[in-house]
2 protein chains.
Amino acid sequence: MVRSREFDEHKVLDTAMHLFWEKGYEAASLNDLTAAMGIQKPSIYSAFGNKEELFETALRKYTQMHASAARAQLSRSASVKEAFREYFEQIVAQESGTERRRGCFCINTMVELAPHHAKFEILTREHQNYLAALFEETIKRGIRSGELSEEMNAQAVAQSLLIALIGLTVLLKSRPEPSLISNAITVTLTLLH
Amino acid sequence: MVRSREFDEHKVLDTAMHLFWEKGYEAASLNDLTAAMGIQKPSIYSAFGNKEELFETALRKYTQMHASAARAQLSRSASVKEAFREYFEQIVAQESGTERRRGCFCINTMVELAPHHAKFEILTREHQNYLAALFEETIKRGIRSGELSEEMNAQAVAQSLLIALIGLTVLLKSRPEPSLISNAITVTLTLLH
DNA sequence: TTCATTACTTACCGATCAGTATGTTATAAT
DNA sequence: ATTATAACATACTGATCGGTAAGTAATGAA
């Protein structure tokens with residue numbers, strides 16, 4: 001009774017996510033989006049609503065992806081210290097490899113939109129809170145295993161590491177001297193001692 | 001022989017700086033600028049060149065202002081630990097006081113423009129390097145006075161504190177729970193122990 | 001007072017913005 | 001095969017973008 005959709009919704013949403021991630025909300029125009037997604041504007045509007053709704057859907061997809069990737073990364077090593085070190089260093093390696101440094105879509109949105117749109121202020125805050133809780137869990141695992149001191153304030157240290165992670169991700173956009181970053185990570189991770 | 005300028009160049013540049021600071025490069029339109037600055041578009045173009053040049057001039061003014069404010073802030077207390085604590089807490093207090101959280105103009109630019117414009121990548125990197133050097137000087141003052149250990153790697157700790165400062169400034173845009181932030185700052189500053 | 005020069009205001013430029021009306025094509029139930 | 005329905009492509013909308021042409025007003029040197 002109906003004509004069937006000719007594009008893969010998940011695929012084109014993924015493309016939109018990467019475009020918003022790289023260029024931000026304002027700088028990514030609908031013409032950019034149609035060109036990248038390979039579909040026309042009416043198709044975007046019928047499938048995702050307007051630009052802001054498409055952006056929100058893309059960001060939600062990103063935060064889910066990012067959250068599970070972070071969880072996987074922090075679970076890879078039995079040592080909590082090692083896990084965090086690998087996590088930080090993976091971010092440096094990842095960003096250094098690309099020409100255009102996209103950083104983190106959620107952090108980019110926190111800077112561009114959170115102060116002007118309550119919806120994105122809340123959405124980004126909730127994701128940061130999720131990451132902080134994940135970090136806290138990981139630290140508590142280290143305390144239980146005896147790797148970390150029982151006197152450590154897991155919640156506060158988790159929040160500090162999250163702040164460091166945000167700062168690192170942002171600073172990498174200006175292509176700082178790699179050796180400076182590497183030493184700074186080592187120092188930051190002494191918070192786990 | 002000539003008609004004299006009717007507006008104060010420093011004053012209108014200051015207004016433009018605050019507008020770019022709050023809204024970013026893309027979102028601050030020339031109509032927004034003329035309305036805020038109180039002059040017409042041809043006056044802007046004759047005095048400052050095009051939008052990008054005006055933005056660059058405004059950003060340079062900001063970084064100079066910001067650098068000397070940071071230097072003054074870090075010099076206020078004889079204790080280096082106290083100086084950094086006051087610096088971090090002043091930022092939280094400042095941002096918490098405003099409705100729209102502007103954050104730091106240089107950090108905003110690092111996120112929005114540095115990956116796409118080499119000029120702003122360099123400009124923002126140089127400012128961050130300046131701040132890192134200022135932090136390093138301050139830490140070395142603490143080592144000389146005996147407040148900090150001689151074994152401390154001043155450069156690496158300075159870089160870590162800078163990263164934490166960036167992360168804090170960005171995170172504040174999502175209005176996190178104040179108590180979390182306060183505890184995280186305390187933990188971060190143990191890097192000076 | 002005249003005149004060259006520069007700052008000003010107004011009105012406009014083509015390009016692009018987000019979003020939509022309209023007509024065509026494909027599908028599946030009848 | 002017919003037909004209702006939804007997805008498609010094309011072309012358009014008014015608004016706004018950054019930037020400028022053109023004409024007027026003010027200034028100071030001669």
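Below, chains carry the letters A, B, ... as their sequence lines are ordered, and counting in each starts from 1. Hydrogens, waters and symmetry mates play no part in the numbers below; they use all other heavy atoms, side chains included.
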Exercise. Please determine, for the side chain of B:Tyr45, which listed nucleotide (C:dC8, D:dT20, C:dG19) has the closest atom?
Key: D:dT20

Exercise. Round to a whole Å and report the spacing from CG of B:Asp8 to P of C:dA7.
Key: 15 Å

Quiz item: What's the CZ-C1' distance between B:Arg5 and D:dA25, to the nearest Å?
Solution: 16 Å

Self-check item: Donor + acceptor pair across side chains of B:Thr186, B:Asn183 (<3.5 Å)
Solution: no

Self-check item: Selection: residues 22-42 of chain A, any non-hydrogen atom under 4.0 Å of DNA chain C
Solution: A:Ala28, A:Ser29, A:Leu30, A:Asn31, A:Lys41, A:Pro42

Self-check item: Under 3.5 Å: donor-acceptor pair, side chain of A:Thr63, backbone of A:His127
Solution: no

Quiz prompt | B:Leu165 backbone acceptor or donor facing B:Thr169 side chain under 3.5 Å | solution = yes

Quiz item: When you measure from every atom of DNA chain C, which of residues 109-122 of chain A have a heavy atom less than 4.0 Å away?
Solution: none

Exercise. Answer yes or no: is there an ion pair linking A:Glu147 with A:Lys81, defined by an N-O contact shorter than 4.0 Å?
Key: no

Self-check item: Atom pair distance, as rounded to whole Å: CD in A:Glu52 and P in C:dC17
Solution: 18 Å

Quiz item: DNA chain D: A:Phe7 or B:Asn50, which has the more 5' nearest nucleotide?
Solution: A:Phe7

Self-check item: Check ion pair B:Arg85-B:Glu89 (N to O, under 4.0 angstrom)
Solution: yes

Quiz item: Just how far, in rounded Å, is C1' of C:dA7 from CD of B:Glu9?
Solution: 12 Å

Self-check item: Close aromatic pair by centroid cut-off 6.0 Å: B:Phe120 and B:Phe55
Solution: yes

Self-check item: Spacing of A:Ile44 atom CD1 relative to C:dC17 atom P, expressed in whole Å
Solution: 13 Å

Self-check item: N/O (side chain, A:Ser43) to phosphate O (OP1/OP2, D:dC8) under 4.0 Å
Solution: yes

Quiz item: Is a donor-acceptor contact shorter than 3.5 angstrom present between the side chain of A:Arg3 and the base of C:dA26?
Solution: no

Quiz item: Looking only at heavy atoms, what is the nearest atom pair of B:Glu26 and B:Glu112, with distance?
Solution: N-OE2, 3.1 Å

Quiz item: Between A:Arg100 and A:Glu22, is there a salt bridge with N-O shorter than 4.0 Å?
Solution: yes

Quiz item: Is the A:Phe135-A:Phe84 ring centre distance short of 6.0 angstrom?
Solution: yes

